[in-house]
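Data first, discussion second: the structure below is written as structure tokens.
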Protein chains: 2
Amino acid sequence: MVRRTKEEAEATRVQLLDAAERCFREKGVASTTLDDIAKAAGHTRGAVYWHFENKADIFEAVCERVVTPMQAMLGDLAADPGSDPLGYLRKDAIHVLRMLSECERVQSVFEIKFCKLDGGPDFDRLRRAELETHGRCLSMLEVIFDAAVRRGQLPAHVDPKVTAEAMHAFIGGLMRSWVERHDFDLRAHAPWLVDTFLTGLRNAPVPETSAD
Amino acid sequence: MVRRTKEEAEATRVQLLDAAERCFREKGVASTTLDDIAKAAGHTRGAVYWHFENKADIFEAVCERVVTPMQAMLGDLAADPGSDPLGYLRKDAIHVLRMLSECERVQSVFEIKFCKLDGGPDFDRLRRAELETHGRCLSMLEVIFDAAVRRGQLPAHVDPKVTAEAMHAFIGGLMRSWVERHDFDLRAHAPWLVDTFLTGLRNAPVPETSAD
DNA sequence: TTATACAAACAGACGTGAATGTATATTTTC
DNA sequence: GAAAATATACATTCACGTCTGTTTGTATAA
């Protein structure tokens with residue numbers, strides 16, 4: 001069988017991406033061969049090489065299906081912190097955690113991205129891109145926290161930059177931990193986790209200058 | 001050159017581990033070949049195969065040099081929470097963060113372990129071992145938080161298990177983020193970060209049962 | 001409208017390089 | 001002299017990229 005219609009071709013592309021997602025999750029990116037993906041999708045490497053350049057290209061496409069929509073939220077909030085930045089940040093954070101806990105695809109991609117990014121120099125570009133993404137995410141958080149401080153929602157001595165790191169680490173850590181183990185009810189506890197963290201920020205101690 | 005004395009042999013073993021640590025960090029575990037390691041250590045694959053079984057074996061040895069001592073701290077604390085569990089946990093957490101920020105070797109290993117664990121079924125055992133380690137860590141934290149609740153250092157409605165997850169996610173997230181980017185002064189801010197998080201726990205809101 | 005030319009969408013085969021594990025050769029210490 | 005501690009050589013596997021073949025949708029023109 002060969003020359004399909006446009007829609008059929010797009011279908012195989014999706015099948016390949018789905019298959020890649022599964023393979024990556026099960027065996028890791030580096031250990032997944034292009035033949036694995038092709039076979040899992042019910043095709044051959046010919047189809048793979050028609051639709052994608054190499055494994056890194058597939059990986060990028062797999063991630064893009066999930067990550068991009070999630071970043072939009074933070075972007076919107078950072079663009080216009082509004083009158084209650086902390087409140088919206090809270091909603092966003094809870095939403096992200098719940099999204100992870102509910103959507104299988106999101107789980108797969110994060111499980112892959114979290115502990116399994118390795119493989120040749122082809123991935124260098126992707127790694128750099130991810131660093132940039134991480135950086136943008138931190139910047140947006142910083143903007144939001146800065147707005148929160150200036151609006152009096154957080155004490156004046158709170159450093160927006162460090163706080164952004166803390167928030168990102170906390171949410172990212174929760175996601176990672178849950179994806180790896182699934183040993184607590186992320187969905188149910190998401191509001192408490194976020195609120196407790198924000199409570200800490202609202203009552204944050206004045207940073208010490210002394211050591212130890 | 002061949003047959004060395006016992007000390008010389010041990011020296012090459014260490015050289016191989018050092019070289020592996022560097023290679024793993026620079027190119028990732030999966031993309032590092034045994035020949036890379038051997039060459040970087042100034043030896044050949046013969047030496048590698050004499051001292052180690054395969055790449056997974058090397059990886060394990062590389063990790064063991066660093067991770068084990070850090071786990072001892074938490075173990076001691078969990079075994080005897082004492083009269084001020086939260087205070088000791090605070091010190092431990094700060095200590096771990098500072099250890100990371102000061103010790104190159106710790107940084108290397110965590111950078112490797114964090115984002116680059118992939119490579120064949122040889123690593124299955126290691127992955128399982130890491131999951132167990134993670135689990136033990138959570139258990140110990142749970143014990144500590146439970147003690148803190150019973151001693152009145154934390155509100156009664158605080159769930160030790162969920163709190164342990166949160167703490168672990170926070171600290172782990174900070175370590176990971178810092179290792180990847182080095183874009184803030186972890187050492188200087190460690191106390192404030194830990195204290196702010198603990199402040200959140202002490203003033204933690206009562207968990208809601210409603211949705212959204 | 002239909003014949004034809006072309007290109008899309010794959011399948012399959014092939015060559016290549018590289019990494020792995022093993023087997024053997026070589027010294028040197030004990 | 002026996003075995004430890006390496007180097008070297010070798011066989012095998014295996015994934016990748018490329019190339020070619022095949023079939024069919026589709027545009028174009030007569």
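To find a chain, count down the sequence lines: A is the first, B the second, and so on, and within it residues start at 1.
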Is the shortest heavy-atom distance from the side chain of B:Leu17 to the side chain of B:Val14 under 4.5 Å?
no

Please name the pair of heavy atoms, one in B:Ala169 and one in A:Phe170, separated by the smallest distance, quoted to 0.1 Å.
CB-O, 4.1 Å

Closer than 4.0 Å, any side-chain N/O of A:Trp50 to the OP1 or OP2 of C:dC10?
no

Strictly under 3.5 Å: I want the nitrogen or oxygen pairs between protein and nucleotides 8-14 of chain D, one per line.
none

For a quick test of reading the model, state the closest non-hydrogen atom pair linking B:Leu16 to B:Ile37 and the distance between them.
O-CG2, 3.7 Å

Nucleotide of C:dC10, D:dA5, D:dC16 approaching A:Thr33 most closely (side-chain heavy atoms)
D:dC16

Testing the basics here: between B:Ala164 and B:Glu142, what is the closest heavy-atom pair and its distance to 0.1 Å?
CB-N, 3.7 Å

Between D:dC16, D:dA7, C:dG21, spot the one nearest the side chain of A:Tyr49, thanks.
D:dC16

Taken to the nearest whole Å, NE2/B:His43 to P/D:dA5 is 13 Å

Can you tell me the distance, in whole Å, between the CD atom of A:Gln15 and the C1' atom of C:dA9?
13 Å

Picking from C:dG21, D:dC16, D:dT6, which would you name as closest to the side chain of A:Leu34?
D:dC16

Any idea which heavy atoms bring B:Phe145 and B:Leu201 closest together, and the distance?
CE2-CD1, 3.7 Å

For the pair made of CG in A:Asp57 and C1' in D:dG17, what is the distance, rounded to whole Å?
14 Å

Any side-chain donor-acceptor pair under 3.5 Å between B:His43 and B:Thr12?
no

Counting only side-chain heavy atoms from C-beta out, which of C:dT20, C:dC10, D:dT6 sits nearest to B:Thr12?
D:dT6

